Amino acid sequence: MVISLKNITFSYADSLEPVFKNINLNLDSERRFALVGDNGAGKTTLLKILCGEIKTDFRSVLPFNRFPFDFPDGGKSAYEAAHVIAPQTEFWEIMREADLLGLPDETLYRPFDTLSGGEQTKFKLAVIFARGGFALLDEPTDHLDIYGRKRLAKYLSAKKGFIAVSHDKAFLNECCNAVIALEGGEASVTHGGFAVYEEERGKKARADAVKKSSLEAERKRLKKSALQSCSWADAAEREKFGGNVKAKHAAVDRGFLGAKAAKMQRRAAVAEARRDKAETEIQLLLKGFKEDDELKIHCEKFFRARLVYLSDITVQVDGKPLFRNLNLTVDEGERVAVTGANGAGKTTLLKLVTGGFQNFCGVRDVSPKLKISYVPQSFSFDGTLSDYAQMYSLDEGKYKAVLKKFGFDSKDFDRPVNLFSKGQKKKAALARSLSEKANLYVWDEPLNYLDMSARERLEKAVLSSGATLLFVEHDAAFADTVATRKILL
């Protein structure tokens, strides 16, 4: 079956520009699609249009199921809630999918709000695929560690008929065989998987760079030509009035000189018009090019090489050991990735280093003079970006300039932060960290919800800065590229 979207245009009530304009797509309902695009490009909006949450002219007889969905009552078990969420689905079918995703049977009988984020994600995905129909998966890797992501990719690669929104390249490359790209309010489809899409994207970027260089060279040539024509016209005009007549006694044909001057003026006007027309065309073409404005990290040297020293650290949660006899050092210039399964204590370790967790036994030697810039997994803030910058004593202009380099739209600068998408919130927090001068940067899942262009810029900034970084990240490609050392909890 073909999913057909014809001339779909959609705008939000408070937006000046449409999210989509005359989008046309024909999608094979048995393909495994990746849906990619910058934050704010309309990925979630497209999924909501397909499943009917947003009303448009789109119609389909194919049933759509969107992840994530709201859980009716966190106090109920997954087993109890399944009869409300999927009344037409046999529970054994949900258990089958849960088992394939690595979710133990016993978790289905515990209160849902006692499950970890990863366990909740796996249960919701099990319900989506037990229902059947066409699955619309919005960030299905949310809360999953590296092992959970690999298992989900393997699980999805055996399925048919879904669209997955994710910014994890390795995950998409393993489970998808076609890519829908949203750029500038338009949509395109590349068949052959994410690696093929990236190759085509790279070719286009290189071609665009050559075209841009050619356009700018043409702009300079036309400007020079127009200036030269104006200079000749001015000289002809002066000659008409005798400015260049050397022979005082020669007969001057004023008519001839006047015609010559008029001709040169016309040529100058034509050249000027050509330049103006070409400049307008060039400006329109250049709008499609994204400037590669690099992000920078403003790290500072510390007076000693060893920034963090933890020895024989033991942490207990609810009477049970989270980790015991843990040793960790972080030296200046290192980029240390903290890895481990969900619940291993990665976030707790980062908080312990930053001083945000005190309930431990062992030795923690971190100088009180050490400047640490910490980015949590998520945050909420009631004010605007200006209020947020003021709270952290940031230069507001510089902070917003970093946001623009992250691809942040300036029209959102005055909106309350709590109304931002998850990707925009993450950019706001990372831009704050990049704007801070620090000795040590501690980031907890910095790539969560970030679009791919922002991820690439952040990776370049880290590698080129020499900054000392302690981080948790489930994106295997980023961790492998950035980390100078990994520790496993």
Side-chain angles (χ1 to χ4, degrees), residues 1 3 29-30 32-33 35 43-56 58-145 148-149 151-156 158-166 171 175 318 342-343 377-378 380 418-419 421-422 448-449:
M1 184 180 292
I3 303 168
S29 63
E30 293 197 350
R32 305 187 302 274
F33 290 97
L35 177 58
K43 299 184 294 296
T44 297
T45 300
L46 180 60
L47 298 190
K48 288 182 176 180
I49 288 172
L50 288 170
C51 68
E53 290 180 38
I54 292 176
K55 302 300 180 184
T56 64
F58 171 72
R59 299 289 182 273
S60 177
V61 296
L62 191 67
F64 292 95
N65 296 308
R66 191 166 81 87
F67 170 92
F69 54 81
D70 293 330
F71 198 82
D73 182 352
K76 290 183 177 180
S77 69
Y79 171 77
E80 293 171 313
H83 299 291
V84 178
I85 298 168
Q88 306 301 319
T89 305
E90 296 289 341
F91 190 67
W92 68 265
E93 296 176 295
I94 296 175
M95 291 185 71
R96 177 195 63 207
E97 301 301 324
D99 181 63
L100 290 170
L101 286 162
L103 188 64
D105 289 350
E106 59 89 12
T107 58
L108 302 177
Y109 299 95
R110 285 164 41 197
F112 188 75
D113 55 13
T114 67
L115 303 184
S116 70
E119 289 169 336
Q120 292 182 7
T121 293
K122 290 174 184 177
F123 170 72
K124 290 181 177 181
L125 287 168
V127 170
I128 289 289
F129 283 98
R131 277 176 174 172
F134 192 89
L136 306 172
L137 310 176
D138 199 350
E139 300 285 0
T141 57
D142 195 14
H143 300 298
L144 296 183
D145 55 36
R149 291 184 182 204
R151 184 154 191 166
L152 176 59
K154 185 177 180 181
Y155 170 83
L156 290 177
K159 298 292 183 182
K160 290 183 180 179
F162 66 79
I163 295 175
V165 175
S166 177
F171 169 78
C175 66
D318 297 329
N342 288 131
Q377 281 186 31
S378 60
S380 60
N418 277 342
L419 296 181
S421 69
K422 291 177 180 178
N448 263 11
Y449 313 113

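Below, each value reflects all heavy atoms present in this structure, side chains not excepted, and no hydrogens, waters or symmetry copies. Since this is a predicted model, take the numbers as computed values, not measurements.
- For the pair T89 and V127, the minimum side-chain heavy-atom distance is 4.5 Å or more.
- At distances below 3.5 Å, at least one donor-acceptor pair connects side-chain atoms of R32 with backbone N or O atoms of C175.
- Counting heavy atoms from C-beta outward, L50 and I163 have side chains that approach closer than 4.5 Å.
- With rounding to the nearest 0.5 Å, the separation of CD in Q377 from OH in Y449 is 8.5 Å.
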Are L136 and L35 close enough, and set up right, to give a side-chain contact (heavy atoms from CB on, under 4.5 Å), and what steps lead you there? CA-CA 10 Å; L136 306 172; L35 177 58; over 6 Å; no

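- F69 has its side chain within reach of I128: a pair of non-hydrogen atoms, C-beta onward, lies under 4.5 Å apart.
- F67 and E139 make their closest contact through CE2-O, 3.7 Å (heavy atoms, listed as atom of the first residue, atom of the second, distance).
- From L108, atom CG reaches atom CG of D99 across 10.0 Å, with rounding to the nearest 0.5 Å.
- Contact annotation: the side chain of L137 never approaches that of V165 to less than 4.5 Å [non-hydrogen atoms, C-beta and beyond].
- Taking both residues in full, the closest heavy atoms of S116 and E119 are given as N-OE1, 2.9 Å, listed atom of the first, atom of the second, then distance.
- The shortest distance between side-chain heavy atoms of P140 and L152 falls below 4.5 Å.
- Taking all atoms of both residues into account, the shortest heavy-atom contact from I49 to F58 is O-CD2, 3.7 Å.
- Annotation: ring pair (Phe, Tyr, Trp, His ring centres under 6.0 Å) contacts of F91 (sequence neighbours excluded): Y79.
- The side-chain hydrogen bond (donor to acceptor under 3.5 Å, both in side chains) analysis of residues 60-76, with sequence neighbours excluded, yields the pairs E53-R66.
- The two residues S166 and F171 make their nearest non-hydrogen contact at OG-CD2, 3.8 Å.
- In this structure, CG on D113 lies 8.5 Å from CZ on F71, to the nearest 0.5 angstrom.
- E97 pairs with exactly one of K159, R131, K122 by the side chain to side chain donor-acceptor pair (under 3.5 Å) rule, that one being K159.
- Side-chain contact of D138 with T44: a donor-acceptor pair under 3.5 Å is present, judged by distance alone.
- When side chains are defined from C-beta on, K422 does not count as touching N448, because their heavy atoms never get closer than 4.5 Å.
- Formation of a donor-acceptor pair under 3.5 Å by the S29 side chain with backbone atoms of M1 is found in this model.
- We find the CG-NZ distance between L115 and K124 to be 10.5 Å, quoted to the nearest 0.5 Å.
- For S77 (side chain) and E80 (main-chain N/O), a donor-acceptor pair under 3.5 Å exists by modelled atom type.
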Evaluate E30 against F162 for side-chain contact (heavy atoms from CB on, under 4.5 Å), listing each step before the verdict. CA-CA 8 Å; E30 293 197 350; F162 66 79; over 6 Å; no

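- With R149 contributing its side chain and A153 its backbone, the two residues share no donor-acceptor pair below 3.5 Å.
- Take F64 and apply the ring pair (Phe, Tyr, Trp, His ring centres under 6.0 Å) test, not counting sequence neighbours, and it matches F134.
- The shortest heavy-atom contact between G75 and P111 is O-CB, 3.7 Å.
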Stepwise side-chain contact (heavy atoms from CB on, under 4.5 Å) test for R151 and L101: CA-CA 7 Å; R151 184 154 191 166; L101 286 162; 5.8 Å; no

